[in-house]
Amino acid sequence: QVQLEESGGSWVQTGGSLTLSCAASGSTFRRYTMGWFRQVPGKEREFVAASRGSGGSTHYADSVKGRFTISRDNTKNMVYLQMNSLKPEDTAIYHCAAGTGIILSQVRVDAAYSYWGQGTQVTVSS
């Protein structure tokens, strides 16, 4: 069982930056693939970024590639999402997710993740 808690969401102007944090419980954190997804009310949840467990590969949605960076600290059970050059279309609730045994082709699929945080709101004004 893993519990996830996000923080760092805020209001920011276009072009600004934010860093989201996700704290995870559990002693086997390094084995988990950690993902960030976002959702706007009335729309489907959208993949943003993922960091696979031991091995460290990262993956990004095309819409955020070059602007967002996912990182993790396995000693602190933390995963981060550094967001730069924010745009109004980045406005959403951002959720942290965790899962094990996620194969490469599934890292962008929300159903592959077993554990989810409550989310943190990011609002980017134009």
Walk me through it: do Ser63 and Glu46 pass the test side chain to side chain contact (heavy atoms under 4.5 Å, CB included)?
CA-CA 10 Å; Ser63 59; Glu46 176 188 21; 3.8 Å; yes
Taking side chain to side chain donor-acceptor pair (under 3.5 Å) as the test, write out the residues that go with Thr75, two or more places apart.
Asp73
For residues 88-99, dump all side-chain donor-acceptor pairs below 3.5 Å to protein atoms at least two apart in sequence or in another chain.
| residue | atom | partner | partner atom | Å |
| --- | --- | --- | --- | --- |
| Asp90 | OD1 | Arg38 | NH1 | 2.9 |
| Asp90 | OD1 | Arg67 | NH2 | 3.0 |
| Asp90 | OD2 | Arg67 | NH1 | 2.8 |
| Asp90 | OD2 | Arg67 | NH2 | 3.4 |
| Asp90 | OD2 | Lys87 | N | 2.8 |
| Thr91 | OG1 | Pro88 | O | 2.9 |
| Thr91 | OG1 | Val124 | N | 2.8 |
| Thr91 | OG1 | Val124 | O | 3.4 |
| Tyr94 | OH | Arg38 | NH1 | 2.9 |
| Tyr94 | OH | Asp90 | O | 2.6 |
| His95 | ND1 | Gly117 | O | 3.2 |

Rounded distance (nearest 0.5 Å) linking atom CG of Asn84 with atom OG of Ser17:
4.0 Å
What about Tyr60 and Ile102, same hydrophobic cluster or not, with Ile/Leu/Val/Met/Phe/Trp/Tyr joined at side-chain heavy-atom distances under 4.5 Å?
no
Listed by chain and number, what are the side chain to side chain donor-acceptor pair (under 3.5 Å) partners of Lys76, not counting sequence neighbours?
none
Who passes ring-ring contact (aromatic ring centres under 6.0 Å, His included) against Tyr80, sequence neighbours left out?
none
Flag yes if Met34 and Val122 sit in one hydrophobic cluster, no otherwise; membership is Ile, Leu, Val, Met, Phe, Trp, Tyr, and two members link when side-chain heavy atoms are under 4.5 Å apart.
yes
Ignoring hydrogens, what is the shortest heavy-atom contact between Val2 and Leu4? Give both atom names and the distance.
CG1-CD2, 3.6 Å
Consider only side-chain heavy atoms of I, L, V, M, F, W and Y, link residues closer than 4.5 Å, and tell whether Met83 and Val79 are in one cluster.
yes
Crowded around Gln3 CD? As in, over 12 foreign heavy atoms under 6.0 Å?
no
Thr120 side chain to Gly9 main-chain N or O, any donor-acceptor pair under 3.5 Å?
yes
Can you find a pair of side-chain heavy atoms, one from Trp11 and one from Gln121, that are under 4.5 Å apart?
no
Go through the structure and list residues passing side chain to side chain donor-acceptor pair (under 3.5 Å) with Thr69, not counting sequence neighbours.
none
Do Leu81 and Tyr113 belong to the same hydrophobic cluster, where Ile, Leu, Val, Met, Phe, Trp and Tyr are linked whenever their side-chain heavy atoms lie under 4.5 Å apart, directly or via other members?
no
Show, in sequence, the C-alpha distance, side-chain angles and deciding distance for Arg72 and Phe29, and conclude whether the side chain to side chain contact (heavy atoms under 4.5 Å, CB included) test is met.
CA-CA 10 Å; Arg72 62 194 294 164; Phe29 177 76; 3.6 Å; yes
Taking all non-hydrogen atoms of both residues into account, name the closest pair between Glu44 and Gln39 and its distance.
C-NE2, 4.1 Å
Answer yes if the side chains of Gln82 and Thr19 hold a donor-acceptor pair under 3.5 Å, and no otherwise.
yes
Are the ring centres of Phe68 and Trp36 closer than 6.0 Å?
no
Can you list the residues that meet the side chain to side chain contact (heavy atoms under 4.5 Å, CB included) rule with Gln1, with sequence neighbours excluded?
Tyr115
Going by side chain to side chain contact (heavy atoms under 4.5 Å, CB included), Ser21 matches just one of Met78, Glu6, Glu5. Which one?
Met78
Tell me whether Leu20 shares a hydrophobic cluster with Phe37, the cluster being built from Ile, Leu, Val, Met, Phe, Trp, Tyr side chains joined at under 4.5 Å.
no
